[in-house]
Amino acid sequence: MKATEKRHAAQSLILLTATRYLVPILLLFSLFLLTRGHNEPGGGFVGGLVAGAAFALYALAHTVHQARLLLRFPPRTLIGTGLLIAVGSGLVALLFQRPFMTGIWSAVELPIFGKLGTPGIFDIGVYIAVLGVILQIIFELMEE
Amino acid sequence: MLIAVLSGFGFSLAAIWIARIGRLRGWLFALLPLILTLYFLSFTPAIIAGEVITASYTWVPSLDVQLAFNLDGLSWLFALLVSSIGTFIFIYAGAYMADEPLVGRFYAYILIFMASMLGLVLADNLITLFIFWELTSFSSYLLIGFNHKDDAARKAALQALLITSGGGLALMAGLILLGLAGNSFEISTLVAGGGVAEHPLYVPILLLILTGAFTKSAQVPFHFWLPGAMTAPSPVSAYLHSATMVKAGIYLLARLTPVLGGTDLWHLLLPAVGGLTMLVGAYLSLRQVDLKRILAYSTISSLGSLVFLLGLDTPLAAQAAIVYLVAHSMYKGALFLIAGIIEHETGTRDVTALGGLARIMPAVTLAAGFASLSMAGIPPFFGFVSKELLYETTLGLQDTAVLFTTLAVIVNMIMVAAAVLVFVRPFTGAIVETPQTPHAVPLGLWLGPLALGTGGLAAGLLLSQVGSTFIAPAVSAILAEPIEVNLALWHGINPMLILSIVTVLGGLVVYRYRHVYERISSRLDTSERWGPAQWYERGLDAVLMLGQLQTRILQHGYLRVYLLTINLVVISLVGITLVTRYDFAGQLPSTDLHFHEAVTAVIIAVAMIYVLFARSRLAAVVALGVVGYGIALIFVFFGAPDLAMTQFAIETLTVILMVLILYRLPSFANFSSRGQRTRDAVVALSVGALITTLVLISTTIVQPSLLTPFFAENSVTEAQGRNIVNVIIVDFRGLDTMGEITVLSIAALGVYTLLRLRTPSQRKVDLTAAVETGEIAEKGKSEEAEGVQ
């Protein structure tokens, strides 16, 4: 298993170089998809998938260990955090005496994100949870 | 009142942090029930005046479920018991679990229980009541299984949960039927309305609700979970399994007496089951040597007496029931706590291995003395009053006076013997060598039992005040009419007093000759082979076997057979419906095919065919990827960019996953016979044909969709987004998305557990397998390279 990883790491200079440029771009793209999702094609789900692909690419080029360091948080923590954010965004409505998961919007308009509201926060939760799920599975399989 | 009920849930969230403050945590936690006790006491004048305090909050307006609370005499008495006994239990638990690392978790659970129990006794809405009812079962499960590393504790917890929640299901059905029959889910309306007893559904309603109440209150034949629950820490046994939770069934019966009571069936079932439970519980209690089990069986017997009394639903019987209930909560709670102290200090609960503790723990001895005297029914203790009232009730029966009076006397004789046993054996005589050497007992431990024991004495001494303040409002609530209660210790020499004297003397005789009792009863006892506990075991085994059987049939682990099964079911069900129900009329829309669309379709088809004949796995995976990308392209062409993007991302990740797995697979080979391949081809083609037909049919439907215009109109105005797909995902159908990401998360955790949490030996096997497959993968790769060439 360790041997496999090492072989991966030493395998391809092209992959390593490409990864250096591709990963930041993919991550930025995933955030872009997330933020514009409410009005244009995109959203938390696909954003999370793209971000997952970015980290998977990094893990292929380097090692899972390196990818885990880059990610900083264990995927499981991400899953939990994402779910918690999603549930939390739904609970906000209760403070306004509305049923669970009613969208609550603030009047504030942000430059990229558009209007700030709980569905946006929910989407962030989806993004984080999906990212966590993908990486949990991929890292685990790669380490086998 | 909402805050009073729900505060326990709030504090349970913080319990883990509060518990970190150290030794004084018990006292700190006890502040909450203490405040609640004072809060409920502040209603005393209103309750005595017969007022009912209500509070209602909208909870689920769409289902008409109100968080409605109703504080009348009965609720108030129960709420006081829950919060005041809770205060002592919380103090006690702080000292009892001083060295327990997970004490924060313990308090979290027991706070949930307290809050649920308060909610249960205060609820006015049937659905609210049911939810709190289930919450008490749930917290009881967590508390019984608190020492979760102990196999017996886990088993007992599961047993208690299965039985009480099984009863809970029956109760739910019964409560819903009751709500429908009475045209209201508010108990207060049902009591005022009446007429349920004449309803055609009355018998099923009563049977279902009784099942719920009997399982919870450990009536025969469901009684066996209660002794099992004694594996819980002693504060739990005292609080849940004697003073409060097991009385939830009693509370429910009392609460619904005006609605369901007064019928022949009620008068038959409750006294019969209650009487049997009285006898069985008492009979089994004296056969035990474990202190807690003696107390558990005697609790079952007492619960039987309460059911019996409620079944008579006369003012006298209701009065007897309430007095019995209060007296029992105090003395039995105290005795359980004392049993806990004894175990804590000596390391054993076996009464035959104990002795002479009076010299070491005087305060505990005093408490135990008070509690045992009350249990034995000696004046002026409150237990004496409850026994007098029980006899008065049975003597007043018309046809069955002799039968039930005899029964009550026998049961109470055994109770007297049990009370003597739990006091005399551990506390008197010579000091016996025990596994641990007992020390002086700290204040936190003896305060609770002494307070509860003294409570039994005080209630007996202040009898008339107790009667008018606490008993009368509750009795009035049970019977839904004002009742006067006049309690007195001395009524002159009457039949009840003579029966009491006979009982005490008889009890002493039973105690003196308990070895004879033991010899006779062990001959009679068939419960070890034919008791309900054995039926439970057999039932559970049968369910598990059925589960294994169907798992073996359905979950065999062959992906190809799963696919075959699923597809065959779809073909047959949908196909049959199509052929028999659908009228193939309607015009296929004319299609003008663009060149790029045609090319994509051809690419998909070619890639698909290539997959079938691919000679290496890598080639097949890549070809499947081509199919996926082609479909994504089609999404792009027909205006579904969101879908397309997701499809692209999923396709990419799938290929990555596949490649990762490829390394672990044995070399590519063809295992299926010609016949199997033909079968698979037929199934695959049928599914394809079916789906094609369905798609074609859906395009012939002329009626425009109602959904598209709805979302188009409302997504900007109501959800402030222009991307309808995303608005549906995060807003209109946000709850679905929440469910989906939860499922995904659980799937990820499943993968994690499958891959990671294997036993070391399995890991080793897998490691060697991995090395082997690694070699195979190398070989496979060279083959694949050839295949590509």
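Per chain, numbering begins at 1; letters A, B, ... match sequence-line order.
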Participant: Can you tell me if A/Leu69 has over 12 outside heavy atoms packed within less than 6.0 Å of its CG?
Facilitator: yes
Participant: Looking only at heavy atoms, which two atoms of B/Met738 and A/Phe100 are closest? And how far apart?
Facilitator: CE-CZ, 3.8 Å
Participant: Determine, stepwise, if the pair B/Met645 / A/Phe45 fulfils side chain to side chain contact (heavy atoms under 4.5 Å, CB included).
Facilitator: CA-CA 10 Å; B/Met645 265 191 317; A/Phe45 196 88; over 6 Å; no
Participant: If you tally heavy-atom pairs under 4.5 Å against chain B, which of A/Pro41, A/Gly47, A/Pro75, A/Pro119 wins?
Facilitator: A/Pro41
Participant: Does B/Asp642 reach the main-chain N or O of A/Gly42 with its side chain, forming a donor-acceptor pair under 3.5 Å?
Facilitator: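 The answer is yes, because a donor-acceptor pair under 3.5 Å joins these two groups.
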Participant: Using side-chain contact (heavy atoms from CB on, under 4.5 Å) as the criterion, point out the one residue from B/Ile741, B/Val751, B/Val743, B/Leu744 that pairs with A/Val133.
Facilitator: B/Leu744
Participant: Given that the side chain runs from C-beta out, which part of A/Leu135 has a heavy atom under 4.5 Å from chain B: side chain, backbone, both or neither?
Facilitator: neither
Participant: Please round to the nearest 0.5 Å and tell me the distance separating atom CG of A/Leu49 and atom CD of B/Gln647.
Facilitator: 11.0 Å
Participant: Just verifying a value: how many Å separate B/Leu657 CG and A/Ile138 CD1, rounded to the nearest 0.5 Å?
Facilitator: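 Spacing of CG (B/Leu657) from CD1 (A/Ile138) equals 4.5 Å.
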Participant: For A/Ala53, which atoms come within 4.5 Å of any heavy atom of chain B: side chain, backbone, both, or neither?
Facilitator: both
Participant: Name the member of B/Ile656, B/Leu735, B/Leu749, B/Ile729 that forms the most heavy-atom pairs with chain A at distances under 4.5 Å.
Facilitator: B/Leu735
Participant: With chain B, which of A/Val126, A/Leu83, A/Ile79 has the greatest number of heavy-atom pairs at distances under 4.5 Å?
Facilitator: A/Leu83
Participant: Given the options B/Ala649, B/Ala644, B/Gly734, which has more heavy-atom pairs under 4.5 Å with chain A than any of the others?
Facilitator: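 Of B/Ala649, B/Ala644, B/Gly734, B/Gly734 has the most heavy-atom pairs under 4.5 Å with chain A.
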Participant: Taking atom CZ of B/Phe11 as the centre, does the number of heavy atoms from other residues, nucleotides or ligands within less than 6.0 Å exceed 12?
Facilitator: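 For B/Phe11, atom CZ is not crowded (no more than 12 foreign heavy atoms under 6.0 Å).
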Participant: Check the surroundings of atom CD1 in B/Ile3: do more than 12 heavy atoms from other residues, nucleotides or ligands lie under 6.0 Å from it?
Facilitator: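 Counting neighbours around CD1 of B/Ile3, 12 or fewer heavy atoms of other residues, nucleotides or ligands fall under 6.0 Å, so no.
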Participant: With only heavy atoms counted, which part of B/Ser745 is less than 4.5 Å from chain A, the side chain, the backbone, both or neither?
Facilitator: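 Contact with chain A: backbone and side chain both.
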Participant: Do you know which of B/Thr646, B/Thr58, B/Leu643 has the most heavy-atom pairs under 4.5 Å to chain A?
Facilitator: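 Heavy-atom pairs under 4.5 Å are most numerous for B/Thr646.
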Participant: For a side chain to side chain contact (heavy atoms under 4.5 Å, CB included) check, start with the C-alpha distance between B/Tyr752 and A/Ile137, then their side-chain angles and the critical distance, and finish with the verdict.
Facilitator: CA-CA 7 Å; B/Tyr752 176 76; A/Ile137 297 174; over 6 Å; no
Participant: Would A/Thr118 and B/Asp731 count as a side chain to side chain contact (heavy atoms under 4.5 Å, CB included) here? Give the steps.
Facilitator: CA-CA 9 Å; A/Thr118 51; B/Asp731 202 327; over 6 Å; no
Participant: Under 4.5 Å from any heavy atom of chain B, what part of A/Gln136 do you find: side chain, backbone, both or neither?
Facilitator: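 Side chain only.
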Participant: If you count heavy atoms of other groups shown closer than 6.0 angstrom to CZ of B/Phe635, is the number above 12?
Facilitator: yes
Participant: Please rank A/Val130, A/Val87, A/Val50 by heavy-atom pairs under 4.5 Å with chain B and give me the top one.
Facilitator: A/Val87
Participant: Given heavy-atom pairs under 4.5 angstrom as the criterion, report whether the side chain, backbone, both or neither of A/Ile134 touches chain B.
Facilitator: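 Just the side chain, heavy atoms under 4.5 Å.
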Participant: Measuring heavy-atom distances to chain B, does A/Phe139 have an atom under 4.5 Å in its side chain, in its backbone, in both, or in neither?
Facilitator: neither
